[in-house]
Amino acid sequence: MAIRAFLLCIILFSSSYTSFALYEDQVGLMDWHQQYIGKVKKAVFQTQKAGRKRVVVSTEENAIAALDLRHGEIFWRQILGDNDVIDEIDIALGKYVVTLSSGGSVLRAWNLPDGQMVWESFLLGSKPSRSLLLTPTNFGADKDNVILAYGNGCLHAVSSIDGDILWKKELAENGIDVQHLVHPEESDTIYALGIGEASQFEAYVINARNGELLKHSSKGFPGGFSGDLSLPTSEKAVMLDSSESSLVSVSFVGGEIKFQEFQISDLQGYSGEAVLLPSKLAGMVAIKIDRSLLLVKLKDEGTLEVVDTVPHVEAVSDSLSFAEGQTAFGLIQQDGGKIQLSVKSSNDWKSHFLKESIEFDQQRGLVHKVFINNYVRTDRTYGFRALIVMEDHSLLLLQQGAVVWNREDALASIIDVTTSELPVQKDGVSVAKVEHNLFEWLKGHLLKLKATLMLATPDDVAAVQRIRLQSAEKSKMTRDHNGFRKLLIVLTRAGKLFALHTGDGRIVWSRLLNAFHKSGTCESPRGIKLHQWQVPHHHALDENPSVLVVGTCGHNSDAFGILSFVDAYKGEELNYLAPVHSITQVIPLPFTDSTEQRLHLIIDAEGYGHLYPRTPEAVDIFQKELGNIYWYSVDINNNLLKGHVVKKNCKEGIADDYCFESSDLWSVIFPSDSEKIIATSTRKLSEVVHTQAKVNADQDVLYKYISKNLLFLATVTPKAMGDIGSVTPEDSWLFVYLVDTITGRVLLRMSHHGCQGPVHAVFSENWVVYHYFNLRAHRYEMSVVEIYDQSRADNKDVLKLVLGKHNLSAPVSSYSRPEIMTKSQSYFFTHSVKAVAVTSTAKGITSKQLLIGTIGDQVLALDKRFLDPRRTLNPTQAEKEEGIMPLTDTLPIMPQAFVTHALKVEGLRSIIAIPAKLESTTLIFAHGVDLFFTRLAPSKTYDSLTDDFNYALLLLTIVALVISIFVTWIWSERKDLQEKWR
C-alpha cells in the first residue's frame, strides 16, 4: 500500500514537467520586440474616407509606414533595401500609396489598407538626376490614372492601375537640373522647370497625353541663380540670385520666360544671409533670415510684397487645401520648452485658423519638420492637427493644444551599444508591501493550480500570464543574482543616448547630448562610439557608473572630436569636451585609477596619442606601462596595415602633458593591383576563456593558441570588388590572413579560388569563422579555422595537466616565433548573412553558438560543433562520444534554432552577446530598424531552474509524500501488530 501511494505521488509530480517548449502564455517572459520606422522625411495624410484615420510616411531608414492617427501605432510597414532610398511619396486614386525610389529608377504602388505591393515599374534613364513625383487628378475622365515620375533624366507617364509606362521623354540634356513638374488646372500640358549648367532657366512644355515636346525655352539671368527654385503658383517661380541678396521672379506661361529682380534689403529693410525654404505655399514664398521668417506674397503682376514677419520660426509646412478655395499652412515657433503652433490662411494672412502653445520635453531638441492636416469638429467647424519631426528623430502629433502621442524613432538608427549594471537592492521593505506581495503570491499560485487541474477560465489564464509578467521581477531597477537585469546604453544617429531595461525594453532615461548640438564650431556633429568610462565595484558602490560618448564634427579624418561623459543611472551629462583634437581611434586600456575611471588613449589624425582622464594620477599609471602600449590601424583606401607603439611625451612645441608621440613598428602593404582589403575581425577584449587545453577522444591534448593580439583580415582581387556575379570564378580570389598585431607577423594565409565577398567574420578563443560566396558552386559558404599552440607539445600528458605539472603558466611573448598548427574546413550555408556574432558567458565554460543574422532579418543560433574542422564522414566511436558529428557538405538550419522565433528584426545591422552572471545564459540584443532582446542558454539551463518552475506544486508534492510516508508507516505498524496477535 505504501509503495502504491508513493508511486502515485511521483506520477502526479512528474506529469507536470513533461514539456520544455515555449507556450503562447510564455511569450514576453524572456524576450521583447519593438518596431520603429526611423526619422520621417515625408508624410501624407489619409483622412477623407470613413474608418480609422492614418498618415503614410517615408523615413530615412527607407521605410514606408501607415500610422494610426489616434495612437501612433503602425498599421503596416514596408522596409526597402539599404540601396533603395525613398525619394518621393504620394497617394493616388485614394487607395494606392505611390513611392519613387532608387534615384527615380523604381516606381511602386502599395495597397493603402494593408501595405501589400500592387505593382512595380522600373524607369530607365541615361543620366543621374533628382527624383520628382506628380499625381495629377484633373486630366479628364480618361487620364485620371496617370502618374508622372521623373528620374535618371527621363520623364515617365505611368498608369496607376497596373504600372504600365504610357510614354517616356528624356529631358536632362546638357547638364540641366530639372527641379519641378507643374500641371496647370484644366490643362493638357505639363511644365518641367530647371536650371542649366550656365545658370540658364529651362522650361519644357510637354503634352500630357502623348509626351510630345511642345516647346523648350531657355533664358539666362545676368546675376545667376543660387539654390533651388520655389513654386508659389503654377505660372511663376521664385529663386535667389547667386549673391543671395536678391529674389528673382520668373514667369514661364506658354514657355515664355520673363525675369523680375527684387532686392531683399528693400523688403522692409531686412538684410542678412537669406535662405529660400522649400515649403510649397500657395501664392507665397518663405524666406528665412537668421531665425526670422519672411512671408513674401507674389502678386499677379509679378511683384513681391512682405505680408508678415514671424520671429523664432523653426519649421514651415506646405499649403493645405481643406475647403472650397481655402488653403492654410502651419508655422512652428519654439522658445525653450514651449512650441507654438500657428495655422494661417494663405488667402488672408492676418487671420489665424489656429494658434496654440504646447509644453514639451526639451530633450527632444529643435523642430525639424511639420506637416498639417484638417478635420471637422462636432460643431462642423474646421480643426487642425500637426505632425512634428524633432531633432532627436522623435515623431509627435499635436492636436487641441496637447501632444496626443509620440514615437521614439531614434531607436531605429542605433550606432553603438554598451551595458551597465543596475544598482544593488537596498535593505528595508514596508509591512504593507510584504502583505501585498504575500496576497499576490497566494492568488497567483491558486490560479496556477487551477490551470494545472484544467479548471481555469480564459480570464484566469490571462490573469496568470499578467501575474507572471509582473512577478517575474524582470522589470525591477535593481540587480538580480543571475545578472539578467541590466541597462542597455545605446547611442543613436541623432546624438541621443537611451537607457533600455533588459527586462521589458522600456526606456529608463534618454538624453539629447549637449555636445552633439549643432553650433558655429561644429556644423555636423555625429556620434561614432560608446565606451564604459567608470565602473564602480563593491567598494565604491556610492558612485554611479558612467559612459564615454565619442563623436566628431564631420566625416573627415581631421575633423574636430567630441567627448561626452554621461551618468549611466540618471542620464545626466556630467561633462563634455568639444571641440577637441581629431579622433581616428579610441583604445580602452586595461588600467583604472583610484576612482575606477578606465584609462583611454585616443589617437588623432597625426598619430599622436591623447590620454584620458586628464589627471596626474592617470599619467603616472600610463608612464609605468609606456613601453607596452601597442595598437594597429587598417587603411582600407591605401591597402595598408600598420602597427604602432607609444614612445614618449609630445615634442616641446606642444604644451600638453597628456599628449604622447607614437612610432610605426611594422607595416604590411597589399599590392593594390592584386588584393583589396574588405573585412577585418578581432577577439573581444572582455572575452573569458575557461581553459587552454582541449582533450581529444584519443586522450591527446591540444593547446589553444590564445592571443588577444590576433587579427583576421580578408582580401579579394580587384575584379571581385563588385556585386556577387560581377566577375567570373577564374578571375576571383579570396585571401584570408591571421596577423599578429604586435610584430606584424603573418601566422596564416589561405586562398579560396572562385570565391567573392562580402565577408562576415567572427573571432573567438582560438578559432575564426567567416562567411562568403562561392562562385563555382553558386552558393554561400562558411569556413572555420582553429589555431593550436605546438610549442606546448610536451605537455600532452593528461595526468600532468590534472596535477598541475605543466608549463601553462609560463609567460608568452608575441616576439617569440610561435609554433602553431591550424585545422580548417568549409561548409555550404543556405542564407546570405547580414551580421555574425558568438555567444559569451561569464566564465567561458558553456559551449559556444554562432549568432547569424540572415538576409530575412532573423537571428539563427548555430552550434559551434557543426563548424568543427575535425568532422569526418565516419567518426570513430570515441569521436562520437566526444561530440564530433559526421561530416556533411551543408550546415543544417532547423526552424527551432531561430532565436527570434517568427519575428523579424527589420533592417538588422548588429547582434550583441552579453554574458550574464549565470554561466549557462547569455543575453542577446539585435538591432536594426527594430529591436529584439532575449536570453539564450546554448547548453541548456544546467545550473538553474526555469522561471515558470512551479514551486507551490513541488512543496505540495513533498508534503503529500511526507503524509503518505507517515500514513503508510502507521498502516505498516498496525499490520505488524495484528500479525503478532495472531
Side-chain angles (χ1 to χ4, degrees), residues 22 26-37 74 407-422 465 468-470 472-480 482-492 497-510 530 547 568 684 834-842 846 849-854 856-861 897-918 920-938 941 944 946-948:
L22 185 68
Q26 292 176 311
V27 173
L29 290 176
M30 293 189 300
D31 56 56
W32 46 265
H33 180 236
Q34 298 176 358
Q35 293 183 320
Y36 297 97
I37 57 176
I74 299 174
R407 294 181 53 87
E408 294 288 357
D409 282 302
L411 290 170
S413 56
I414 292 176
I415 296 173
D416 197 18
V417 182
T418 189
T419 60
S420 174
E421 294 289 347
L422 286 165
Q465 185 175 2
R468 279 179 175 174
L469 293 173
Q470 294 174 352
E473 299 188 348
K474 66 177 185 177
S475 59
K476 283 186 176 180
M477 282 300 298
T478 55
R479 298 183 192 181
D480 62 312
N482 289 330
F484 295 159
R485 294 198 297 265
K486 296 180 186 290
L487 286 180
L488 293 170
I489 313 295
V490 301
L491 175 65
T492 65
L497 208 60
F498 290 86
L500 307 178
H501 197 294
T502 57
D504 51 9
R506 74 180 186 276
I507 298 173
V508 178
W509 55 259
S510 61
L530 270 177
V547 295
K684 290 176 63 176
K834 285 188 172 183
V836 183
V838 64
T839 55
S840 176
T841 55
T846 306
Q849 283 188 343
L850 290 173
L851 302 171
I852 303 171
T854 66
D857 292 322
Q858 291 186 297
V859 180
L860 174 71
F898 283 98
V899 176
T900 47
H901 312 302
L903 302 173
K904 283 188 175 184
V905 186
E906 293 285 359
L908 178 65
R909 297 189 192 95
S910 180
I911 306 169
I912 295 98
I914 308 154
K917 289 183 180 178
L918 198 65
S920 65
T921 308
T922 181
L923 310 178
I924 308 299
F925 179 61
H927 66 86
V929 178
D930 294 346
L931 309 182
F932 179 80
F933 178 87
T934 191
R935 300 202 305 256
L936 188 64
T941 51
S944 66
T946 58
D947 289 342
D948 60 348

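The chain is numbered in sequence order, starting from 1. Predicted model, so just to flag it, every value in this text is computed and none were measured.
Between L488 and T419 there is a side-chain heavy-atom pair separated by less than 4.5 Å. Taking 4.5 Å as the limit, some side-chain heavy atom of T900 sits within range of a side-chain heavy atom of V905. Residues F932 and V859 fail the side-chain proximity criterion, which asks for heavy atoms closer than 4.5 Å. In this structure the side chain of H501 reaches within 4.5 angstrom of the side chain of L422, judged on heavy atoms. Side-chain contact between N482 and K917: absent, with no pair of heavy atoms (C-beta onward) separated by less than 4.5 Å. A heavy-atom distance below 4.5 Å is not found between the side chains of V490 and H927. Residues V929 and D857 fail the side-chain proximity criterion, which asks for heavy atoms closer than 4.5 Å.
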Show me the donor-acceptor pairs, under 3.5 Å and distance only, between side chains in residues 908-916 and residues at least two apart or in other chains.
{"unit_1": "R909", "atom_1": "NH1", "unit_2": "A412", "atom_2": "O", "d": "3.1"}
{"unit_1": "R909", "atom_1": "NH1", "unit_2": "G928", "atom_2": "O", "d": "3.1"}
{"unit_1": "R909", "atom_1": "NH2", "unit_2": "E61", "atom_2": "OE1", "d": "2.4"}
{"unit_1": "R909", "atom_1": "NH2", "unit_2": "A412", "atom_2": "O", "d": "3.1"}

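Of the possible polar contacts, one joining the D480 side chain to the R485 backbone as a donor-acceptor pair under 3.5 Å is found. Although no hydrogens or angles enter the test, the distance criterion places a donor-acceptor pair under 3.5 Å between the side chain of T922 and the main chain of S840.
For S920, the side-chain hydrogen bond (donor to acceptor under 3.5 Å, both in side chains) partners are D943, not counting sequence neighbours. The side-chain hydrogen bond (donor to acceptor under 3.5 Å, both in side chains) search around D416 returns none, not counting sequence neighbours. Legend: residues meeting salt bridge (charged side-chain N to carboxylate O under 4.0 Å, His left out) with E906, ordered by chain and number and at least two apart, are absent. Qualifying salt bridge (charged side-chain N to carboxylate O under 4.0 Å, His left out) partners for K904, counting only residues two or more places apart in sequence or in other chains: none. Residues satisfying the side-chain hydrogen bond (donor to acceptor under 3.5 Å, both in side chains) test with Q35, not counting sequence neighbours, are none.
The line from CG of L530 to CG of L491 is 5.0 Å long, rounded to the nearest 0.5 Å. Atom OG1 of T418 sits about 10.5 Å away from atom NZ of K486, to the nearest 0.5 Å. Atoms CG and CG, on L936 and L923 in that order, are 9.5 Å from each other to the nearest 0.5 Å. Note: Q34 CD to D930 CG = 9.0 Å, rounded to the nearest 0.5 Å. I414 contributes atom CD1, which lies 6.5 Å from atom CG of L500 (distance to the nearest 0.5 angstrom). Here CE of M30 is found 13.0 Å from OG1 of T502. Values are rounded to the nearest 0.5 Å.
The minimum heavy-atom distance linking D504 with W32 is given by the pair C-CD1, 3.6 Å. Across all their heavy atoms, A568 and I489 have their closest contact at O-CD1, 4.2 Å. Closest non-hydrogen pair, Q858 versus H901, comes out as NE2-O, 3.0 Å. The minimum heavy-atom distance linking A410 with T492 is given by the pair O-CG2, 3.3 Å.
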Inset, instruction - Test L497 against W509 for side chain to side chain contact (heavy atoms under 4.5 Å, CB included), laying out the working first. - result: CA-CA 8 Å; L497 208 60; W509 55 259; 4.0 Å; yes
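Only one option out of V899, T921, I924 pairs with R935 in a side-chain contact (heavy atoms from CB on, under 4.5 Å); it is T921.
The aromatic rings of F925 and F933 sit tilted relative to each other, their planes meeting at an angle between 30° and 60°.
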